[in-house]
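Quick caveat, the model's predicted, so the values are computed rather than measured. No hydrogens, no waters, no symmetry mates; every other heavy atom, side chains included, goes into these values.
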Amino acid sequence: MAVDNALSSPLGPPACEKDAKALQFIEEMTKNTDSVQEDVLAKILTQNAEVEFLKRFNLDGATDRETFKSKIPMIRYEDLQPEIQRIANGDRSSILSTHPISEFLTSSGTSAGERKLMPTIKQELDRRQLLYSLLMPVMNLYVPGLDKGKGLYFLFVKSETRTPGGLLARPVLTSYYKSDHFKTRPYDPYNVYTSPNEAILCADSFQSMYTQMLCGLLEREQVLRVGAVFASGLLRAIRFLQLHWRELADDIESGMLNKEITDPSVKDCMVKILKPNPKLAEFVRMECSTENWEGIITRIWPNTKYLDVTVTGAMAQYIPTLDYYSGGLPLACTMYASSECYFGLNLNPMCKPSEVCYTIMPNMAYFEFLPHDRAGFTHDSTPKLVDLADVELGKEYELVITTYAGLYRYQVGDILRVTGFHNSAPQFHFVRRKNVLLSIDSDKTDEAELQKAVENASQLLREFNTSVVEYTSYADTKTIPGHYVIYWELLVKDSANSPSDEVLNQCCLAMEECLNSVYRQGRVADYSIGPLEIRVVKNGTFEELMDYAISRGASINQYKVPRCVNFTPIMELLDSRVVSKHFSPALPYWTPERRR
């Protein structure tokens, strides 16, 4: 389609007029970052002038930045928990927002072992939809012809529950997929999925994955991009294909749907799609029956141009495995978002994963930045927060947000590094989540949780007069799904009464029972995390670890055992000292219902 020259963009030549308008919007927002931010804060404070939380700090209707910063303190989730609990229990007064809280979005971050509840309002769906609408216009600058085929995306809804006051509590993507914004989205040739809505919205994860994979195979030659939200999710889909290709091929050959698919809406939908195709079935059997699965994505979906997955932060550990299965296809990280707020997008989505940086869109919320040094500490006891337009190149910051839905100067917990600017809008590299030690999927386990889990499990050793002398851990992503590995060095005081393999297996389960609800949901409901493993190492192993660290320049006076390791020589040292391996023998307890 010819595009009016007046709508051309400095980002590149738009694919169509709709794209041109989206790219023009990005330019307008990023050229006027500071004034847009000033306007956003004024709108939020005007809209919520009468809310209880702001009145508590005597803001008195002020909407300027200086007054806001001088009167409103920076807060964490725990500071807001009493207000959130009141809303969850049914209090409908204007506590945080003038607009009614429409639901809670459950964060992958946890507080006291439970998912955090993030308040949201209906108007936020429009803001999220706006950011989504910018992704393909940017991608079309780099990958032409995406309107000539489809995307095979593995998208899922997760369990939801209701608070005592009747509000829904569910993950942000589940909220979006169940909204009319997604379900009744207008046709866009650049954004067509192989997966029907019925398959995406099926609550049974097996039936949903099976149907989405089946549809992807049926339309294999039309697939131009393959994706999932996280890299771990795409690898689970590949593992699913390894386990179920025989049944999928049988369905394709016969044109009859597997009897394990019982969801009525999915069955009705698949009747229209699934027709006998013996030739395709034979192809699937031929490709999937070989031992070598290297490049399987491009072998089955030969027209795939890139993988659309998040591979920043903890997900970077999956890059080698994705490269193996895809034959080295480009990995596109398109957007930066969380339950608290959608932040921005990657204006160069086909860059190397190590070079991914996100441009924060100044219209999404009011953004401030808490300076950090590389060791992760703030610079002083009363740090001055920096505005979006004033961050400095090369420096690291913790993200602090003020949203339309009622979060004020809220610490998100993401550490970001400024890598450049697009117009006056800074671009950030996601460095890490603050205080996260272990992560396989959306789970986030910190040092305090791990310590508590080790203490809980080690109680099972007391009757054997045995204790845990030292421990460390790592997230093993070579298995699919990945799993936590904990290295234990034990002090066995009576070798004639040492703990058995069965007891040590139970120690694995005792650790899992102590981990947060996001971890346990990944184990029980989402199948995104494998059984926890304890590897018992020889006595003296952790002294060797210290000797190694000192040989590399660590101070003997300041040396502390790292509670998580990922440096290859240290892993090799630990694994060479393993005397036994133990796995959790059962699933930990989990329910969608929150603890009261």
Side-chain angles (χ1 to χ4, degrees), residues 29-30 33-34 36-38 40-41 44 65 68-69 72-80 105 107-111 116 118-120 124 127-128 131 172 310 312-315 333-347 356-380 382-422 424-436 439 442 444 446:
M29 290 295 106
T30 57
T33 298
D34 200 45
V36 172
Q37 280 283 277
E38 193 169 27
V40 165
L41 180 62
I44 291 171
R65 282 193 273 207
F68 175 72
K69 289 178 181 232
I72 306 299
M74 191 166 55
I75 60 168
R76 295 184 174 89
Y77 182 78
E78 287 69 26
D79 301 319
L80 211 55
L105 303 176
S107 168
S108 57
T110 57
S111 178
K116 294 175 183 176
M118 295 299 162
T120 193
E124 279 298 296
R127 260 180 286 280
R128 287 182 219 127
L131 192 62
V172 61
T310 299
T312 49
M315 290 295 133
C333 298
T334 57
M335 69 183 292
Y336 173 36
S338 75
S339 303
E340 295 91 335
C341 178
Y342 277 28
F343 305 118
L345 70 166
N346 182 0
L347 295 179
V356 168
C357 61
Y358 299 103
T359 303
I360 288 186
M361 291 297 289
N363 59 302
M364 298 303 293
Y366 179 62
F367 300 104
E368 296 176 271
F369 297 85
L370 177 63
H372 271 246
D373 62 28
R374 294 298 169 90
F377 301 105
T378 53
H379 288 296
D380 55 61
T382 54
K384 183 181 178 185
L385 271 65
V386 179
D387 280 322
L388 179 62
D390 297 329
V391 296
E392 294 180 46
L393 189 66
K395 290 195 174 180
E396 290 187 0
Y397 301 88
E398 181 181 352
L399 181 58
V400 177
I401 60 171
T402 297
T403 70
Y404 289 89
L407 297 178
Y408 304 97
R409 308 197 90 187
Y410 178 87
Q411 290 180 256
V412 175
D414 289 358
I415 307 300
L416 309 175
R417 183 185 307 121
V418 184
T419 58
F421 292 83
H422 180 74
S424 63
Q427 298 178 308
F428 294 91
H429 174 71
F430 180 92
V431 178
R432 59 185 169 86
R433 281 286 296 178
K434 193 177 175 183
N435 300 328
V436 171
S439 178
S442 57
K444 298 175 178 70
D446 63 25

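The side-chain tip of R417 does not point at the ring of F428 from less than 6.0 angstrom away and within 45° of straight on.
Using a 4.5 Å heavy-atom threshold, the side chains of P371 and V386 count as touching. Residues M361 and F343 fail the side-chain proximity criterion, which asks for heavy atoms closer than 4.5 Å. Between L385 and M74, some side-chain heavy-atom pair lies under the 4.5 Å cut-off. Contact of the Y404 side chain with the R127 side chain is registered, since non-hydrogen atoms from C-beta on lie closer than 4.5 Å. A heavy-atom distance below 4.5 Å is not found between the side chains of I360 and P426. Side-chain contact between E398 and F369 is absent, with no heavy-atom pair separated by less than 4.5 Å. Inter-residue side-chain proximity for F430 and M315 is flagged as unmet; no heavy-atom pair is nearer than 4.5 Å. For the pair L416 and Y397, the minimum side-chain heavy-atom distance is 4.5 Å or more.
Across all their heavy atoms, C357 and T419 have their closest contact at CB-OG1, 3.3 Å. Minimum heavy-atom separation, C333 to T312: SG-CG2, 4.2 Å. Of all heavy-atom pairs between M335 and A337, the closest is CE-CB, 3.9 Å. Nearest approach of R409 to P73, heavy atoms of both residues: CB-O, 3.6 Å. Here the closest non-hydrogen pair linking T403 and E340 is CG2-O, 4.0 Å. For the residue pair A365 and Q37, the shortest heavy atom distance occurs at O-NE2, 2.7 Å.
Here the straight-line distance linking atom OG1 of T33 with atom CZ of F367 works out to 11.0 Å at 0.5 Å rounding. Atom CG in L399 sits 9.0 Å away from atom CD1 in I415 (nearest 0.5 Å). To the nearest 0.5 angstrom, D34 atom CG is 8.0 Å from L388 atom CG. Taking CD1 of I72 as the start and OH of Y408 as the end, the distance is 9.0 Å to the nearest 0.5 Å. The structure places CZ of R65 at 11.5 Å from OG1 of T402, a figure rounded to the nearest 0.5 Å.
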Worked verdict on L407 versus L80 for side chain to side chain contact (heavy atoms under 4.5 Å, CB included): CA-CA 9 Å; L407 297 178; L80 211 55; 3.5 Å; yes
Trace of the side chain to side chain contact (heavy atoms under 4.5 Å, CB included) decision for M118 with Y77: CA-CA 9 Å; M118 295 299 162; Y77 182 78; 3.9 Å; yes
Derivation of the side chain to side chain contact (heavy atoms under 4.5 Å, CB included) call for V412 and V400: CA-CA 6 Å; V412 175; V400 177; over 6 Å; no
Check against side chain to side chain contact (heavy atoms under 4.5 Å, CB included), L370 and Q411: CA-CA 9 Å; L370 177 63; Q411 290 180 256; 3.8 Å; yes
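Under 4.0 Å is where a charged nitrogen must lie from a carboxylate oxygen, and between D446 and R433 no such pair does. The pair K69-E368 counts as a salt bridge, with a side-chain nitrogen and a carboxylate oxygen less than 4.0 angstrom apart. The pair K434-D414 does not meet the salt-bridge criterion, since no charged nitrogen lies less than 4.0 angstrom from a carboxylate oxygen.
Judged purely by distance below 3.5 Å, without hydrogens or angles, the side chains of D387 and Y366 pair a donor atom with an acceptor atom. Using modelled atom types, one finds a donor on one side chain and an acceptor on the other under 3.5 Å when comparing T359 with Q427.
Residues meeting the side chain to side chain contact (heavy atoms under 4.5 Å, CB included) test with V172, sequence neighbours left out: L105, R128, S339, Y342.
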